[in-house]
Amino acid sequence: MRIFSWTVFFLLCLTGIWWIVEPVFSGEYALLASFDDDAFYYFKVAENIVAGYGSTFNGIHQTNGYHPLWMILLVFLDWLAEKSGAEFLEMVRIGIALLYMLFLFFSFLFIQKVRNRNDGFFDYFYLAFCAGFYVLIAGGGMEVALTLPLIALLFLLFISDTSISWLIIVGALTVLSRLDSVIVVAPFFFYLLWVNRLRFSEILPGILVAAVMVLSYIVSNLVLFDIPVPVSGFAKSASGFALFSPEPWISLFSYVIWRRINLFTFLVLFVAAYVFLKQRKCNKTWFLFTLFLGVILFYLLTVARSDWQMWPWYFYPDFVAFTFSYLMVSYGMDVPIGRLRFGFLSLLIILSAVYCSMYAFISPIFNKPESSRESVLVSRFMDNHPGVYAMGDRAGRIGYLSHQPLIQLEGLVMDANYLKLLRSHGMTIDKLLKIYGVDYYIVSVERNPKGCYDVVEPYFGGTLTKKVRGTFCVEPYEDFREHENITGLKVFFLSRSE
């Protein structure tokens with residue numbers, strides 16, 4: 001059985017690594033398309049930091065619109081690659097592959113530590129889910145590629161009865177890898193401190209190290225950027241209580257492949273929670289409850305503070321949800337939970353694992369070369385027409401490839417002053433573009449019945465997001481649909497004298 005377990009682990013390792021690094025051998029377009037567009041905001045800032053321009057996306061405005069630990073790793077990889085471009089992107093994919101190995105290895109050791117009442121039957125499905133889930137959620141190059149291995153390490157250290165100081169330090173690193181993970185891990189740490197009832201002196205070393213790391217990050221943000229946390233978080237925050245806004249709920253449970261996986265995981269989570277409530281005489285009752293609570297709090301607070309659509313990397317807490325469900329059927333259950341409930345939960349876990357791993361390793365859902373061909377085409381146009389450009393959604397890959405300054409109109413990688421202007425009363429798209437001296441405006445838009453073009457930024461914000469609007473009644477300077485039938489991107493030339 002032990003040999004079989006290691007065989008399954010190595011097969012999943014090799015399959016996932018190949019999926020992650022395969023674009024390196026498939027040409028420029030495939031390599032570019034293998035990353036989420038938002039990942040290129042990270043890549044461009046890392047490139048500028050290494051080049052000595054500071055923490056900036058467009059070379060003009062300083063920004064902290066990223067999570068710090070992932071940026072530090074990318075800066076190191078960019079420095080290691082010696083020059084940006086394909087070499088750096090290849091290094092990132094190799095780095096993600098190594099993090100995938102760590103994530104799967106920590107998860108494998110975790111299930112070895114679990115006292116399994118089902119002779120390891122569910123271990124393989126749990127591992128298959130972990131492998132497929134990482135490829136789907138983290139394979140696009142966002143910060144969760146680092147967050148997921150850290151959460152897996154946190155669970156492994158806990159199950160191994162490691163010193164709480166070390167748990168606190170790993171927890172702090174997890175938060176610095178993605179700041180909103182504090183919602184997921186906070187209930188877990190409340191459980192640790194409450195159950196163990198340790199003296200303050202016993203946890204002081206861990207608290208001091210964690211406090212130095214987190215406070216250093218907050219203070220540096222205040223000194224350098226006049227804002228304590230990433231500006232991207234403020235850019236997506238709603239102007240009111242967004243819990244009942246339809247946009248984020250629709251994006252949580254929609255027809256898109258990765259969101260179907262989210263729907264599967266939520267179904268498993270709530271069935272497991274029902275089983276948990278029916279049978280609470282478990283020797284780790286409160287530990288299991290903190291996992292459930294962390295996931296629920298994360299999604300409720302995320303939806304309540306922002307009415308933007310949610311992209312795949314937002315669903316990283318599903319790993320915690322699936323871990324909770326896995327433990328419900330295989331860890332420390334002192335009393336049988338009932339054959340029907342146990343059978344239904346077991347079936348859902350198996351289906352989720354099979355569904356997730358199947359789509360991760362069979363369906364190339366992120367590898368869409370047409371999106372990268374579009375970006376190359378637009379970036380070449382930009383470099384042949386020097387000036388200041390502006391663009392909202394999908395500006396990451398284009399901004400990374402071009403050498404011209406690009407104002408990101410959603411505010412994700414701008415500064416705090418930009419957000420104030422964006423949300424000021426009476427602001428329009430025309431005024432905003434003039435304030436920032438924009439020469440060319442890139443937007444995906446269709447002509448209205450009157451022959452003009454109505455634009456709105458940010459496009460993906462919900463009804464509670466402050467937006468700027470405008471209308472262009474001139475012909476686009478360039479329409480890329482006329483060149484290749486791939487997008488509706490258009491470029492409008494703006495005369496500064498107007």
Side-chain angles (χ1 to χ4, degrees), residues 12-47 66-67 70-71 73-78 80-81 83-104 130-149 178 256-259 261 311-316 356-380 393-402 484 486-487:
L12 288 172
C13 258
L14 292 174
T15 306
I17 289 171
W18 170 247
W19 193 98
I20 291 169
V21 302
E22 186 271 337
V24 172
F25 308 102
S26 302
E28 177 190 13
Y29 290 145
L31 181 59
L32 288 169
S34 66
F35 294 104
D36 295 305
D37 188 82
D38 281 24
F40 288 94
Y41 296 132
Y42 274 99
F43 301 162
K44 188 67 173 183
V45 174
E47 174 188 308
Y66 47 80
H67 298 276
W70 184 234
M71 180 57 73
L73 181 57
L74 291 175
V75 167
F76 173 72
L77 291 177
D78 193 281
L80 208 60
K83 62 178 181 179
S84 299
E87 287 187 15
F88 168 64
L89 297 181
E90 290 168 1
M91 291 286 290
V92 174
R93 295 227 67 81
I94 293 171
I96 294 172
L98 293 175
L99 288 171
Y100 167 79
M101 287 178 61
L102 281 177
F103 174 66
L104 208 61
C130 291
F133 185 74
Y134 188 92
V135 168
L136 287 173
I137 301 301
M142 292 299 286
E143 65 282 332
V144 293
L146 181 57
T147 306
L148 285 171
R178 183 170 173 96
V256 182
I257 287 173
W258 64 76
R259 292 170 187 159
I261 291 169
W311 302 108
W313 53 90
Y314 279 88
F315 301 143
Y316 72 92
C356 183
S357 56
M358 178 183 68
Y359 272 108
F361 299 131
I362 296 177
S363 178
I365 62 171
F366 292 125
N367 197 354
K368 297 179 179 179
E370 63 271 15
S371 63
S372 59
R373 287 197 295 270
E374 163 201 70
S375 302
V376 171
L377 197 65
V378 176
S379 65
R380 287 175 182 169
D393 181 53
R394 292 187 294 146
R397 190 181 287 109
I398 291 171
Y400 176 77
L401 293 171
S402 174
E484 292 188 37
I486 49 179
T487 72

Heavy atoms, side chains only, cut-off 4.5 Å: are [X] and [Y] in contact?
| X | Y | value |
| --- | --- | --- |
| Leu74 | Phe88 | yes |
| Tyr134 | Ile96 | yes |
| Tyr400 | Leu89 | yes |
| Val376 | Glu28 | yes |

Tell me the closest heavy-atom pair linking [X] and [Y], and the distance in Å.
| X | Y | answer |
| --- | --- | --- |
| Leu31 | Ala86 | CD2-O, 4.0 Å |
| Ala30 | Pro23 | O-CB, 3.7 Å |
| Ala97 | Val21 | CB-CG1, 3.8 Å |
| Glu90 | Val24 | CG-CG1, 3.7 Å |
| Lys44 | Ser402 | NZ-O, 3.2 Å |
| Leu104 | Cys130 | CD1-CB, 4.2 Å |

Fill in the blank from the handout: In short, salt bridge (charged side-chain N to carboxylate O under 4.0 Å, His left out) pairs touching residues 135-148 with sequence neighbours left out are Glu143-Arg178
Report the distance from atom [atom1] of [X] to atom [atom2] of [Y], rounding to the nearest 0.5 Å.
| X | Y | atom1 | atom2 | value |
| --- | --- | --- | --- | --- |
| His67 | Leu146 | NE2 | CG | 11.5 Å |
| Ile137 | Met142 | CD1 | CE | 12.0 Å |
| Asp37 | Ser375 | CG | OG | 6.5 Å |
| Arg380 | Leu401 | CZ | CG | 9.5 Å |

Problem - Phe40-Phe43 aromatic ring centre distance below 6.0 Å - result: yes
Exercise for the section: Taking Arg397 for its side chain and Phe35 for its backbone only, find out whether a donor-acceptor pair lies under 3.5 Å. Expected result: yes
Exercise for the section: State whether the side chain of Arg93 and the backbone N or O of Ile20 hold a donor-acceptor pair below 3.5 Å, judged by distance alone. Expected result: yes
Practice task
State which residues pass side chain to side chain contact (heavy atoms under 4.5 Å, CB included) with Met101; sequence neighbours excluded, sorted by chain then number.
Solution key: Cys13, Ile17, Leu98
Problem - Which residues share a side chain to side chain contact (heavy atoms under 4.5 Å, CB included) with Val75, sequence neighbours left out - result: Ala46, Ile49, Val50, Met71
Problem - Set of side chain to side chain donor-acceptor pair (under 3.5 Å) partners for Ser379, sequence neighbours left out - result: none
Practice task
For the residue pair Tyr42 and Trp70, categorise the inter-ring angle as parallel (less than 30°), tilted (30 to 60°) or perpendicular (more than 60°).
Solution key: perpendicular
Problem - salt bridge (charged side-chain N to carboxylate O under 4.0 Å, His left out) against Asp393, all qualifying residues, sequence neighbours excluded - result: none
Handout entry: With sequence neighbours excluded, residues passing ring pair (Phe, Tyr, Trp, His ring centres under 6.0 Å) with Tyr316
Key = Phe298
Completion exercise
Residues at least two apart in sequence or cross-chain that pass ring pair (Phe, Tyr, Trp, His ring centres under 6.0 Å) with Tyr66, listed by chain then number, are none
Practice task
Please step through side chain to side chain contact (heavy atoms under 4.5 Å, CB included) for the pair Asp36 and Tyr41, ending with a clear verdict.
Solution key: CA-CA 10 Å; Asp36 295 305; Tyr41 296 132; over 6 Å; no
